[in-house]
Amino acid sequence: MIDSAALRARLAGVRDAVARAAGRAGRAPSSVRLIAVSKTFSAQHVRIAAEAGQMDFGESKVQDGLQKMADTSDLQLRWHFVGHLQSNKARKAAAFHSIHSIDEARLLNRIDVAAIAAGRGVDVLLQVDMAREVTKHGVLPEAVGALCDAARGCQAARLKGLMVLPPASADPEESRFYFSRLRLLRDELLSRGVAPPMLTELSMGMSHDFEIAIEEGATMVRVGSAIFGDRSYA
Ligand SMILES: *Cc1c(COP(=O)(O)O)cnc(C)c1O
């Protein structure tokens with residue numbers, strides 16, 4: 001049995017924390033979209049959060065996300081793909097409302113082709129490897145401009161902004177540097193002439209560091225365990 005009261009209480013607590021962090025940054029709480037990352041949790045968990053008004057959900061595996069979409073198709077939810085996307089899954093991933101993890105032109109083009117074929121638009125964000133971690137997915141900061149250029153040629157994949165996943169650290173303050181660097185990269189791209197509608201979103205911050213991300217300008221935070229509880233990958 002799911003403890004739905006506890007889930008609702010955690011969701012309310014996260015919403016409060018989002019609003020307080022926005023307030024500290026002099027921003028409206030509505031300028032931050034809370035994405036509830038439901039990976040490893042069930043469609044029933046999604047339903048409980050949806051009944052409490054949560055609209056945006058995130059998944060990191062294509063198949064799991066499609067299954068939960070199907071199981072909650074009676075609700076009007078927005079599904080975000082936040083995990084690493086293999087190019088052979090691009091066609092299926094085009095069923096998501098948005099994809100936060102585009103890191104190469106080939107993948108972007110595959111999403112565009114798939115979305116055109118499906119007759120729908122897909123919002124995309126570029127995942128930036130800000131810490132230059134060789135083990136991490138993402139495009140290096142100096143290559144983001146070229147991907148923005150590639151996005152101008154797309155018809156159904158609509159570039160909306162940037163995403164970062166800082167190196168894992170016990171201290172959330174260590175994420176601040178990467179969040180501010182992503183914001184500065186966005187500003188630099190704007191000053192170099194990238195169209196502002198392509199760079200409106202900054203997807204950054206997870207359960208342990210979303211408040212810092214909001215202080216640094218996040219427009220989307222991806223929060224899983226702080227809403228749904230501890231994950232077991234078993
Ligand atoms: C799992 C995941 C999250 C959420 O992580 P929590 O620590 O549970 O909040 C956010 N972003 C990505 C890319 C993820 O894979």
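Since this is a predicted model, take the numbers as computed values, not measurements. One-based numbering, in listed order, for ligands and for the atoms of each.
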- Item | Phe179: partners by ring pair (Phe, Tyr, Trp, His ring centres under 6.0 Å), with sequence neighbours left out | none
Extract all N/O-N/O pairs under 3.5 Å that connect ligand 1 to the protein, and present each with both atom names and the distance rounded to 0.1 Å.
residue: ligand 1; atom: 8 (O); partner: Ser225; partner atom: N; Å: 2.8
residue: ligand 1; atom: 8 (O); partner: Ser225; partner atom: OG; Å: 3.1
residue: ligand 1; atom: 8 (O); partner: Arg231; partner atom: NH1; Å: 2.8
residue: ligand 1; atom: 8 (O); partner: Arg231; partner atom: NH2; Å: 2.9
residue: ligand 1; atom: 9 (O); partner: Ser207; partner atom: N; Å: 2.9
residue: ligand 1; atom: 9 (O); partner: Ser207; partner atom: OG; Å: 2.5
residue: ligand 1; atom: 9 (O); partner: Gly224; partner atom: N; Å: 2.8
residue: ligand 1; atom: 11 (N); partner: Arg222; partner atom: NE; Å: 2.9
residue: ligand 1; atom: 15 (O); partner: Lys39; partner atom: NZ; Å: 2.7

- Message: Quick check against the 3.5 Å criterion: does Arg110 have a side-chain atom that pairs as donor or acceptor with the backbone of Ala90?
- Response: no
- Taking the side chain from Ser169 and the backbone from Glu174, do they hold a donor-acceptor pair closer than 3.5 Å? no
- Residues that Arg78 engages under side chain to side chain contact (heavy atoms under 4.5 Å, CB included), provided they are two or more places apart: Arg33, Met55, Asp56, His80, His97
- Message: Test of understanding: clusters of I, L, V, M, F, W, Y form through side-chain heavy atoms closer than 4.5 Å, transitively. Do Val18 and Ile227 belong to the same one?
- Response: yes
Can you give the donor-acceptor pairs under 3.5 Å from side chains of residues 113-123 to other protein atoms, not counting sequence neighbours?
residue: Arg120; atom: NH1; partner: Ala94; partner atom: O; Å: 2.3
residue: Arg120; atom: NH1; partner: Phe96; partner atom: O; Å: 3.3
residue: Asp123; atom: OD1; partner: Arg158; partner atom: NE; Å: 3.1
residue: Asp123; atom: OD1; partner: Arg158; partner atom: NH2; Å: 3.2

